[in-house]
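Everything quoted here is computed from the prediction, not taken from an experiment. Each chain gets a letter, A, B and so on, in the order the sequences are listed, and its residues count up from 1.
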Amino acid sequence: MIQLDQVVKAFDGRNVLDGISASLDEGKIACLIGPSGCGKTTLLRCMNGLEQLASGSIRISGCDILPNSNRATFSRVRQRVGFVFQEFHLFPHMTVLENIVLAPVQVRRQTRAASEKRAQELLEMVGLGGRGDARPSQLSGGQKQRVAIARALALDVKVLLLDEPTSALDPSMRQEVRNVLRDVAKEGLTMLCVTHDMPLVTTLADEIWVFDAGNIVERGDAKTILNAPKSAVARQYLQPSLAD
Amino acid sequence: MRYTWALSLWALVLECLLVSPDASARSLAQIKKQGTLTWGGDLQGGEPYVFENPKNRKQLIGFEVEIADELGKRLGVVAKFSQHDWSTLVPSLERGDFDVILNGLEDTSDRRSRIALSAPYFVYGLTITIRNGDSYRSLEALKGHKVGTMNQTVAHSLLKVMPLEAVLYEGQQEPYADLSSGRTDAVLLDHIIAQRYGCNVKGLTCLSDDVTRGYYVMGVRKSDDTLLVALNEALKSMQSDGSLRAILERWRLWDPRQSPLSAAADASADASTDASADASADAPALAAPPEVPRFDAEQIKMFLKGAGITLALSVLAFAIASPFGMALALTRLYGGKIEKFLAGSYIEIFRGTPVLLQLYVLYYGLAPIIKLDAFVAAVLGLGLNYAAYEAEVHRGALLSIPSGQSEAAAALGLSRWQTIRHVLMPQALRTALPAVTNDFVALLKDSSLVSVITVVELTKRMTIAAVEVRSWLIPGLACAVLYFCLSYPLAAFARYLERRLEHDPARSSGKGL
Ligand SMILES: Nc1ncnc2c1ncn2[C@@H]1O[C@H](COP(=O)(O)OP(=O)(O)OP(=O)(O)O)[C@@H](O)[C@H]1O
Ligand SMILES: [Mg+2]
């Protein structure tokens with residue numbers, strides 16, 4: 001479902017992604033951990049065309065992303081791959097429901113009625129069934145992120161990319177988002193989730209990818225790595241969480 | 001000669017802009033076929049030349065109106081008036097807005113080189129006005145003193161070469177007000193103006209000897225030679241059958257100065273600037289001071305009409321400026337290299353040059369290519385100019401939207417245009433709304449500039465009335481009140497929007513959305 005082959009991305013002549021190769025099977029969930037600035041967000045953004053590759057290739061949900069990929073490719077990718085931002089990025093001038101139906105109506109050309117019906121189902125799933133008419137400004141952070149998740153799923157994507165979905169939230173709101181993501185995981189989506197939120201890792205992860213300085217330094221089954229991390233980076237990030 | 005609104009600089013610019021003076025010449029045959037002779041003049045300060053009848057505003061009266069009607073009759077056509085700022089009469093004639101200038105146009109060699117001039121229909125004398133008790137009796141005696149006159153007049157060109165200080169005014173009444181208050185020592189102007197605005201002022205005296213005399217003549221395009229011949233013939237017949245004299249007498253303008261125009265006078269008198277000095281020196285007391293019209297309900301009605309034109313003009317211009325400005329802003333931000341450059345150039349050029357100049361170019365400069373109606377040109381001119389300002393307002397608003405918004409839209413598969421249409425533009429419009437409303441208020445006031453291209457809106461209406469009633473106070477106040485009534489609700493609305501957006505939680509939480 002996701003296949004990374006020698007992915008390189010450079011900013012200002014510095015390789016932020018330094019030849020990454022990895023793969024993730026359909027229906028599996030991988031959590032990415034690693035120190036700040038090591039390139040996790042950049043990798044995720046490369047996977048849906050928000051950044052252009054320098055070299056290498058990404059195969060995701062049946063689409064091939066190459067360094068010279070154009071808008072048409074990205075448009076196909078984005079209709080199959082959902083993206084959840086750390087900062088939600090809801091559209092403040094639209095209601096919750098309008099946020100969710102925008103892409104189905106505009107991109108997929110679905111009828112408004114059908115889109116709203118599906119949007120309502122998604123809102124129920126994230127536990128906000130009654131808030132369709134609310135404005136984003138009237139929601140708490142956790143609620144906003146749950147709307148953002150519903151919005152990312154509205155095109156019935158097969159792959160979901162999440163960039164630290166709980167880190168902009170007060171600890172008190174993190175649990176509701178974790179619960180929603182746990183329910184989403186049950187739908188059989190393939191998910192790649194950057195996070196430092198250890199409870200989230202333990203709820204979601206089938207695999208853990210440990211990142212450092214633009215490369216994957218350790219990758220494998222979640223239980224194995226959680227119990228016996230090999231790399232120094234993994235130990236630093238995973239051990240404290242085992243303590244509590 | 002009379003009140004000039006625009007600076008002479010603009011007249012100069014204008015001349016450079018005129019591509020072909022003969023762009024739309026109408027032959028005499030065409031005038032006869034259509035049955036109308038259109039003549040150009042300025043109603044402002046128009047008494048006794050051409051002005052609105054104070055008792056019936058729809059009717060134009062004045063000695064030039066009667067002369068035009070009489071000329072029309074003799075040519076077998078109807079004379080029709082066309083309103084233009086006095087300072088723009090010559091370019092407007094060349095542009096083809098009307099057939100003939102008939103409005104206190106003096107015969108000068110400068111004019112002769114540019115347009116064709118007819119035989120004279122009136123003799124003016126340049127009159128010196130001084131304070132009672134002062135002893136100056138000639139221009140020579142005024143050496144080293146301050147002498148008031150009006151810009152762009154023959155009197156001014158005369159004073160320019162004298163060793164004295166010429167003080168220039170745009171209006172007819174102000175020179176005499178300053179003379180009364182002692183700011184100047186004398187005023188040199190046409191006897192028609194002097195009699196109306198100066199000689200009857202308490203404490204002022206008009207000298208009986210004219211400094212010099214000259215002719216009022218008609219002006220036509222040089223290419224319209226058959227029209228000129230016909231006009232001259234008609235004028236000559238008016239002169240010989242006494243009807244010209246009758247008209248001037250009716251307006252109490254016939255005096256010894258006019259003897260060259262009498263039926264008996266030698267018809268071959270040629271039109272040189274220096275009229276013979278034969279007219280007797282006992283000319284003055286011929287005309288009783290004319291009645292000064294009052295600022296009445298009729299005037300107020302005209303003011304309301306002017307306000308209506310100002311409002312219509314502003315609304316229509318803004319209806320162009322706002323969407324076009326948004327399009328420019330979007331192009332400048334998201335267009336290709338060439339489009340970005342073009343939009344940027346447009347904005348910089350239209351912001352970097354005066355709107356007055358743009359109006360002139362649009363109305364006069366483009367006339368040989370496309371002859372826009374004055375109101376259309378005014379709407380377009382203001383709209384295109386303000387579009388440049390709106391573009392920058394919208395660009396600022398678009399830039400203030402966090403980049404996460406367009407990334408979120410892109411991540412959902414929206415195209416560039418869909419992102420702009422559904423995500424960026426609605427948010428930018430909200431942010432820009434207070435500034436946009438403010439700009440509309442500014443446009444409302446800037447719209448007074450269009451009087452230079454002959455649109456009579458509120459401010460122009462005020463200046464016409466002010467000269468007519470010899471006071472700026474009441475017309476000025478009426479004008480100010482009307483502008484205020486138009487702009488205050490808008491300004492209040494802008495402030496309300498600003499307050500609302502400030503307290504809008506959707507804005508204050510900013511990037512987190
Ligand atoms: N648009 C950009 N231009 C230049 N450098 C960038 C850009 N985006 C990211 N970088 C650099 O690339 C590196 C990786 O950034 P990235 O955001 O992928 O890190 P991260 O692993 O997500 O870190 P964090 O845990 O802090 O989110 C950083 O050093 C960052 O400064
Ligand atoms: Mg990051």
Fill in: Option among Y389(B), Y346(B), F350(B), Y386(B) that satisfies the ring-ring contact (aromatic ring centres under 6.0 Å, His included) test with F324(B)
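When ring-ring contact (aromatic ring centres under 6.0 Å, His included) is applied between F324(B) and each of Y389(B), Y346(B), F350(B), Y386(B), only Y346(B) qualifies.
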Check whether [X] gets within reach of chain B through its side chain, its backbone, both or neither, counting any heavy atom under 4.5 Å.
| X | answer |
| --- | --- |
| R76(A) | neither |
| R108(A) | neither |
| V84(A) | neither |

Worksheet item: Residues in ring pair (Phe, Tyr, Trp, His ring centres under 6.0 Å) with F83(A), at least two apart?
Response: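 For F83(A), the residues satisfying ring pair (Phe, Tyr, Trp, His ring centres under 6.0 Å) (neighbours in sequence not counted) are F85(A).
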Practice prompt. Mind checking side-chain hydrogen bond (donor to acceptor under 3.5 Å, both in side chains) for R351(B) and listing every partner two or more places apart, or none if nothing turns up?
Written response: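 By the side-chain hydrogen bond (donor to acceptor under 3.5 Å, both in side chains) rule, R351(B) matches E348(B).
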Practice prompt. May I ask you to decide if the ring planes of H93(A) and F91(A) are parallel, tilted or perpendicular, using 30° and 60° as cut-offs?
Written response: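 Taking F91(A) first and then H93(A), their aromatic rings sit tilted (interplane angle of 30° to 60°).
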Discussion item. Between K40(A) and F211(A) (side chain of the first, backbone of the second, donor and acceptor by atom type, cut-off under 3.5 Å), is there such a pair?
Written reply: no
Practice prompt. Write out, in numerical order, the residues from residues 418-426 of chain B with a heavy atom short of 4.5 Å from a heavy atom in chain A.
Written response: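 At a heavy-atom separation under 4.5 Å, chain A is reached by Q418(B), H422(B), V423(B), P426(B).
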Worksheet entry | NZ or CZ of K301(B) within 45° of F303(B) ring axis and under 6.0 Å |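 No; the conditions do not both hold, so K301(B) does not lie above the ring face of F303(B).
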Worksheet item: Is there any side chain to side chain donor-acceptor pair (under 3.5 Å) pair reaching into residues 56-66 of chain A, and which pairs are they, with sequence neighbours excluded?
Response: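 Only R59(A)-D64(A) qualify under side chain to side chain donor-acceptor pair (under 3.5 Å).
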